Amino acid sequence: MTGAILCVETSCDDTSAAVVEAGRVRSSIVSSQNELHAQFGGVVPEVASRRHTELLPTVVADALDAAGCAWDDVAAVAVTTGPGLIGSLLVGLAAAKAYAYARRVPLIPVDHLQGHIAANYALGVEPPFVCLVASGGHTLLAVVEVGVRFRVAARTMDDAAGEAFDKGARLLGLGYPGGRELDELATRGNAGYAPFPRAVPHGRDFSFSGLKTALLYDLRGRDAAEIDVHRADIAASYQGAIVRQLVDKTLACARDEGLRRVALAGGVAANSGLRRSMTERCAASGLELFLPPLSLCTDNAAMVGLAAGHLPVVPWPEYLAIDAYASATQAKAARRPGVRRPNGRRASH
Amino acid sequence: MLSLTLTSPATTRRLGRVLAGLLEPPCLVTIEGDLGTGKTTLVREILRARGVRGAVTSPSFTLAQSYRGSGGVVLHHLDLYRLSRGADADLFAWDDYLGGGAITFVEWPAAGSEALPPADVRLLLRHRTVRSREAEVHAAEALEACVAEALRKLGMAVERPAGERR
């Protein structure tokens with residue numbers, strides 16, 4: 001793919017657009033809906049969809065402006081088709097199809113997880129490598145063989161790591177979602193204060209739901225005054241347990257797969273405890289670590305463009321049949337024209 | 001109403017398998033209980049027993065996940081946790097997930113109480129000790145009787161308070 005790729009990403013609550021050319025990020029704009037959703041204590045899907053509809057034209061114009069790119073320079077449009085909130089995805093996909101049709105350029109559908117992984121190509125990583133993808137909705141270890149093609153070596157059996165941070169923050173009285181607040185609090189605490197289970201079942205796979213329950217019972221066993229004094233210590237201990245599991249299993253995967261390069265991706269890769277621990281442990285094991293900047297860890301459209309460079313373009317009119325999918329299990333059906341998703345909603349063509 | 005003590009995660013899963021064998025679509029099942037009481041564990045076991053393969057993870061982030069079980073039965077797993085703080089639940093696309101020959105599981109149903117029809121089965125989970133939980137099953141008389149019988153056959157003690165018996 002040569003020429004500028006206009007990229008759109010609306011899988012959750014951030015409206016983002018970017019221009020990527022030849023693997024280089026020329027611009028990346030993210031309009032966060034965080035403040036809007038804070039009043040609800042989370043993302044409200046239909047509210048998010050409406051906001052995407054309002055924000056996307058401006059965000060796209062800003063991305064083109066920032067890149068010094070005219071519509072005539074756009075050679076293809078790349079867009080996230082899933083997994084994510086279905087209503088949000090459909091807004092981005094419908095807009096991307098319209099842009100592609102209006103400009104007579106092809107479309108490049110991109111999987112959200114491939115996008116997260118591809119953020120590491122901005123750092124010049126070379127496959128094969130193992131990538132820990134951890135966010136509010138996903139936690140998995142991807143063995144990337146070539147481009148953005150990957151095999152899932154491990155995944156969470158219950159909660160995602162980001163969910164463990166957010167729900168833990170709520171139990172600690174930090175609000176919801178409060179993963180970032182928990183991280184800040186944890187930097188001031190003693191991670192050895194509260195004992196959390198070290199052993200994690202499920203072999204290579206992750207599990208965080210037991211840790212969440214352990215935190216709940218740890219807090220129940222303390223009186224309010226003690227929690228007030230030691231909130232930072234408990235937060236540090238809890239965060240330490242999540243981070244230890246993420247790092248242990250990532251390094252074990254690298255060892256088992258015989259890989260020397262490790263990469264991070266997804267919103268949880270912005271967690272300071274995880275970045276510090278992964279840096280130390282990879283250095284100690286002689287592994288090369290790739291840590292994307294925070295702006296490429298959380299949801300953004302630049303990563304969509306970085307992935308798009310490794311994916312096939314879909315010409316008119318085939319791209320009209322591309323559907324969005326909420327979860328990985330529905331991805332196959334979405335790529336087959338004429339197959340309805342179980343929930344019966346379709347992209348508007 | 002049936003009440004029973006789940007002495008371990010394994011007994012929570014046993015309850016899930018019993019329920020899985022007795023639910024007939026279309027059917028709405030709500031599951032209430034605090035963080036960490038085993039709601040997702042219970043739903044995961046029901047989905048597994050209904051033939052869902054692959055990972056069944058918490059839908060807290062995506063709000064809804066849909067699966068196809070054996071016999072082509074559609075199973076929806078909803079989690080309204082993120083809506084639970086007075087969000088405008090009217091905006092949620094309920095119709096996509098209710099009826100239509102599907103079995104729908106809803107965790108944290110309180111946020112949807114205005115929009116949801118009465119549940120066919122209400123499950124309540126409460127913390128008891130670190131490992132054990134109290135469970136309540138509210139359903140139609142005949143279904144409750146079947147659940148009680150199946151659980152007793154598995155050696156689990158089930159209480160049916162006399163006042164509740166119709």
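Just so it is clear: chains get the letters A, B, ... in the order the sequence lines come, proteins before strands, and each one is counted from 1. Computed from a predicted structure; not experimentally measured.
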**Request:** Report yes if some heavy atom in the side chain of Glu163(A) is under 4.5 Å from a heavy atom in the side chain of Tyr81(B); otherwise report no.
**Result:**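 Not touching, per the 4.5 Å side-chain cut-off.
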**Message:** Side chains of Ser58(B) and Asp159(A), heavy atoms from C-beta outward: is any pair under 4.5 Å?
**Reply:**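 Yes, close enough: below the 4.5 Å cut-off.
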**Value rounded to 0.5 Å, distance of CZ in Arg44(B) from OG in Ser209(A)** =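 Reported value, rounded in 0.5 Å steps: 7.0 Å.
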**Item:** Contacting region of Leu215(A) [heavy-atom separation from chain B under 4.5 Å]
**Value:**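 Contact with chain B involves no heavy atom of Leu215(A) at all.
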**Message:** Given heavy-atom pairs under 4.5 angstrom as the criterion, report whether the side chain, backbone, both or neither of Lys167(A) touches chain B.
**Reply:**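 Both parts, backbone and side chain.
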**Asked** Take atom CD in Glu159(B); do more than 12 heavy atoms of anything else shown fall under 6.0 Å from it?
**Response**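 Check fails, neighbour count at 12 or below.
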**Message:** How about CZ on Arg131(B), more than 12 heavy atoms from neighbouring residues, nucleotides or ligands closer than 6.0 Å, or not?
**Reply:**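 12 or below, so no.
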Residue pair [X] / [Y]: nearest heavy atoms and the distance that separates them:
{"X": "Gly36(B)", "Y": "Lys212(A)", "result": "N-CE, 4.0 Å"}
{"X": "Leu35(B)", "Y": "Leu216(A)", "result": "O-CD2, 3.4 Å"}
{"X": "Thr57(B)", "Y": "Met157(A)", "result": "CG2-C, 4.4 Å"}
{"X": "Thr129(B)", "Y": "Tyr217(A)", "result": "O-OH, 3.0 Å"}

**Asked** Where does Thr37(B) contact chain A at under 4.5 Å (heavy atoms): side chain, backbone, both or neither?
**Response**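 Nothing of Thr37(B), per the 4.5 Å heavy-atom cut-off to chain A.
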**Request:** Flag the one option from Gly136(A), Ala160(A), Gly84(A), Gly162(A) with the top tally of heavy-atom pairs under 4.5 Å to chain B.
**Result:**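 Counting heavy-atom pairs under 4.5 Å, the top option is Gly136(A).
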